[in-house]
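Data first, discussion second: the structure below is written as structure tokens.
No hydrogens, no waters, no symmetry mates; every other heavy atom, side chains included, goes into these values. Numbering of ligands and ligand atoms starts at 1, following listing order.
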Amino acid sequence: MELGYITHFVNGKAWEHGAVRQGEVYDPATGRVSAMVDFASATDVDTVVRAADRAARSWRDASLAKRTAVMFAVRQIIHERRAELAAAITAEHGKVLSDAAGEVQRGLEVVEFACGIPTSQRGFFSENVSTEVDSYSIRQALGVVAVISPFNFPAMVPLWFVPIAIACGNAVVLKPSEKDPSASVLLAQWFAEAGLPEGVFNVVHGDKEAVDALLTHRMVKAVSFVGSTPIARYVYETGTAYGKRVQALGGAKNHMVVLPDADLDLAADAAVSAGFGSAGERCMAISVVVAVDPVGDELVDKISERVARIRTGDGRRDCDMGPLVTKVHRDKVSSYVDAGERAGARLVVDGRGVAADGEATGFWLGPTLFDHVTPQMSVYTDEIFGPVLSVVRATSYDEALELVNGNPYGNGTAIYTNDGGAARRFQHEVEVGMVGVNVPIPVPMAYFSFGGWKASLFGDTHAHGAEGVHFYTRGKVVTSRWLDPHHGGVNLGFPTQH
Ligand code: NAD
């Protein structure tokens, strides 16, 4: 197979200057390098940000009609080519094709939300705030904004941010994960085809050097970051120290609480779907099931029956679950299985040594289920980000809630119950940003906002929806008086209405 080459997308075309450093991109289902990707230096990033800054100066003046027209056009292009985008995701990330198509669909919904920017960026007008004086508020673009995205949703996470930032009148520099960079380049090409002017949407590839250059560049006004918690914290602290607006979404450890009155078949289906979909490499994956007495034994039986039927293999074949993204990550997840076993958790299903439907060299790890996990074990404390589901036993609702609220992360959670009062109490008391009631992966729709609490988000603004529009714009209030001015003479007092 010929080795591919992936480079930056700047000013409406592929970067022509090459790179001093490159990274390897793998096909996780074969374990082979499929492409080399250029890594941007700080000087490269400076060139790209300056191009974006020039583009932002005229794009901010584009009419709402023009900005909306681009969004409708790119919506159509992505819709027509969604299979191509999904294939690019599967080839570099490994998730099965149907799952990749699902993330494209969720990203597309944000583009559709951005088509409504004339409504969502609208200001307010008040007539006669004082005699013959009117006031109105407007929200204006910031300039250049940076988006730094993780490997696990190579299309959806960039699409959480990029369409709204652009629709609001900003220019974007996107730094996707170096592990699966192709989806971002396709998206940037398609925005250009949709009529977006050169330089408004740029992609730079790279690692820490490129991220640091974006975080410290004076022309970058805002940063949207998604990734692991230590890097999210670093990005937030560095970006804000350099005067930028930052929203940094971090890691997760999502609990699903199953109360004694729950429909256990429904709960078992949900635990398996949310635990092993995308091989557990989702920030909204369920990684802990909290079984409230006395449902534990029956629930674990039902979950393990379902786990046994999961087919692991090459995402392009007829499988349920693909490989992990890299060998290093697979080995790390596998080492957590070793640690859980050593710590005394009961290994109900062991995914190590799975017989996968794919080449032996792929980064395989089958679905793994632990029971009787305790909060001290590393399988419980750490974000594993792989196909490892832990069951913790609790004696009461209160104990289950304490466990969820005691966790440093607060991204997503779910409760399974047929008791409306218990569900209502849970959604009120739980300290988590996204809550599902008999829904396992409660990812908000595009017109709501996505984000967790505590160590799952640094900054106070969530992604997309109204909060996204707010993040990418700044407010201005105009107070104006026209014609027939009232000549009140000089008055040094503080202005009040009359
Ligand atoms: P990561 O933190 O390793 O990488 C994220 C981004 O940061 C990438 O673009 C990467 O190139 C860059 N980066 C990596 N190391 C860096 C460093 N030292 N300095 C500066 N930049 C650096 O995350 P990942 O492994 O790509 O993604 C998985 C993580 O993302 C998980 O923790 C997952 O929970 C989290 N995630 C969170 C959400 C959310 O909405 N909260 C969504 C998706 C993924």
Side-chain angles (χ1 to χ4, degrees), residues 21 23 25 28 37-40 42 45 92-95 103 106-107 110 146-161 173-181 183-184 203-216 223-239 246-254 277-287 324-326 328-330 332-333 382-386 407-413 432-434 441-444 449-459 461-464 467-468:
R21 290 190 305 130
V25 178
V37 57
D38 281 346
F39 278 9
V45 169
E92 293 178 357
H93 176 285
K95 64 177 75 176
E103 84 156 277
R106 293 307 297 263
V110 184
V147 176
I148 300 159
S149 57
F151 81 84
N152 67 320
F153 284 109
M156 184 185 78
V157 168
L159 287 173
W160 279 352
F161 305 105
V173 179
L174 166 64
K175 206 301 285 172
S177 169
E178 64 278 30
K179 297 189 177 91
D180 44 17
S184 288
V203 179
V204 291
H205 303 288
D207 56 4
K208 180 172 168 51
E209 181 174 352
V211 172
D212 284 346
L214 287 168
L215 292 178
T216 54
V223 178
S224 298
F225 172 90
V226 181
S228 57
T229 286
I231 311 293
R233 185 182 281 115
Y234 166 77
V235 164
Y236 182 78
E237 288 172 356
T238 311
V246 182
Q247 51 179 184
L249 285 71
K253 193 81 187 178
N254 304 315
S278 201
E281 292 171 327
R282 289 182 184 145
C283 67
M284 290 292 275
I286 291 294
S287 48
L324 294 188
V325 68
T326 57
V328 171
H329 187 56
R330 192 274 314 276
K332 184 174 165 200
V333 175
D382 296 5
E383 181 186 38
I384 298 177
F385 222 58
N407 198 274
Y409 296 106
N411 213 39
T413 188
V432 171
M434 294 170 283
I441 308 178
V443 175
S449 298
F450 182 108
W453 287 14
K454 302 193 283 188
S456 295
L457 187 138
F458 301 90
T461 312
H462 293 196
H464 61 68
E467 294 192 43

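When all heavy atoms of R282 and F153 are compared, the closest pair comes out as CG-CZ, 3.8 Å. Summarising the geometry of N254 relative to C283, their closest heavy-atom pair is ND2-O, 2.7 Å, with the distance given to 0.1 Å. When all heavy atoms of A463 and F161 are compared, the closest pair comes out as CB-CE2, 3.6 Å. The nearest pair of heavy atoms linking K175 to A210 is CG-CB, 4.2 Å.
With hydrogens left out, the protein atom closest to atom 27 (O) of ligand 1 is P150 CB, 3.3 Å, a heavy atom. In terms of protein heavy atoms, atom 7 (O) of ligand 1 is closest to F225 CE1, 3.3 Å. Annotation: atom 40 (O) of ligand 1 to nearest protein heavy atom, F450 CE2, 3.0 Å. Atom 37 (C) of ligand 1 has G250 O, 3.0 Å as its closest protein atom, hydrogens excluded (heavy atom only). Atom 36 (N) of ligand 1 has as its closest protein heavy atom C283 CB, 3.6 Å. For atom 28 (C) of ligand 1, the closest non-hydrogen atom of the protein is F385 CE2, 3.6 Å. In terms of protein heavy-atom proximity, atom 19 (N) of ligand 1 is nearest to K208 CG, 3.4 Å. Given atom 5 (C) of ligand 1, the protein heavy atom at minimum distance is V226 O, 3.7 Å.
Using a 4.5 Å heavy-atom threshold, the side chains of Q247 and E467 count as separate. The side-chain heavy atoms of L457 and L249, taken from C-beta on, include a pair separated by under 4.5 Å. In this structure the side chain of D207 never reaches within 4.5 angstrom of the side chain of V211, judged on heavy atoms. Counting heavy atoms from C-beta on, the side chains of P154 and E103 come closer than 4.5 Å. Looking at P176 and H205, their side chains come closer than 4.5 Å, going by heavy atoms from C-beta outward. Contact check for I231 versus F225: side-chain heavy atoms found under the 4.5 Å cut-off. Residues Y234 and L215 have side chains in contact (heavy-atom distance under 4.5 Å, counting atoms from C-beta outward). Taking the side chain as every heavy atom from C-beta outward, M284 and F450 approach each other to under 4.5 Å.
Counting the atoms of ligand 1 from 1 in the order shown, those under 4.0 Å from a heavy atom of L249 are 39 (C), 40 (O), 41 (N). Atoms of ligand 1 found under 4.0 Å from any heavy atom of V211, numbered from 1 in the order shown, are 20 (C), 21 (N). Atoms of ligand 1 lying under 4.0 Å from at least one heavy atom of I231, given by number and element, are 2 (O), 15 (N), 16 (C), 17 (C), 18 (N), 20 (C), 21 (N), 22 (C). Of all atoms in ligand 1, numbered sequentially from 1 with element shown, those under 4.0 Å from a heavy atom of S228 are 1 (P), 2 (O), 23 (O), 29 (C), 30 (O), 32 (O). Set against the non-hydrogen atoms of W160, the atoms of ligand 1 under 4.0 Å away are 40 (O). Residue contact check: N152 has heavy atoms under 4.0 Å from atoms 43 (C), 44 (C) of ligand 1. Close approach of ligand 1 to E178 is summarised as follows: ligand atoms under 4.0 Å from at least one heavy atom of the residue are 10 (C), 11 (O). Below 4.0 Å from some heavy atom of K175 lie the following atoms of ligand 1, by number and element: 8 (C), 9 (O), 10 (C), 11 (O).
Remark: ligand 1 and S149 share an N or O pair separated by less than 3.5 Å (distance only, no angle test). Residue E383 has at least one N or O atom closer than 3.5 Å to an N or O atom of ligand 1. For a threshold of 3.5 Å applied to N or O pairs, the pair formed by F151 and ligand 1 contains at least one separation below that value. Taking any N or O of K179, backbone or side chain, none lies under 3.5 Å from an N or O belonging to ligand 1.
By the 6.0 Å contact criterion, NZ on K454 is enclosed, its count of non-hydrogen atoms from other residues, nucleotides or ligands being greater than 12.
Under the side-chain hydrogen bond (donor to acceptor under 3.5 Å, both in side chains) criterion, E237 pairs with no residue at all, not counting sequence neighbours.
Taking 4.0 Å as the cut-off, G452 does not count as a neighbour of ligand 1 on heavy-atom distance. Between F153 and ligand 1 there is no heavy-atom distance shorter than 4.0 Å.
Contact annotation for D212 and ligand 1: no heavy atom of the residue comes within less than 4.0 Å of the ligand.
Summarising the contacts of atom 35 (C) of ligand 1 with P176, G227, A463, G451, the nearest heavy atom is found in G227.
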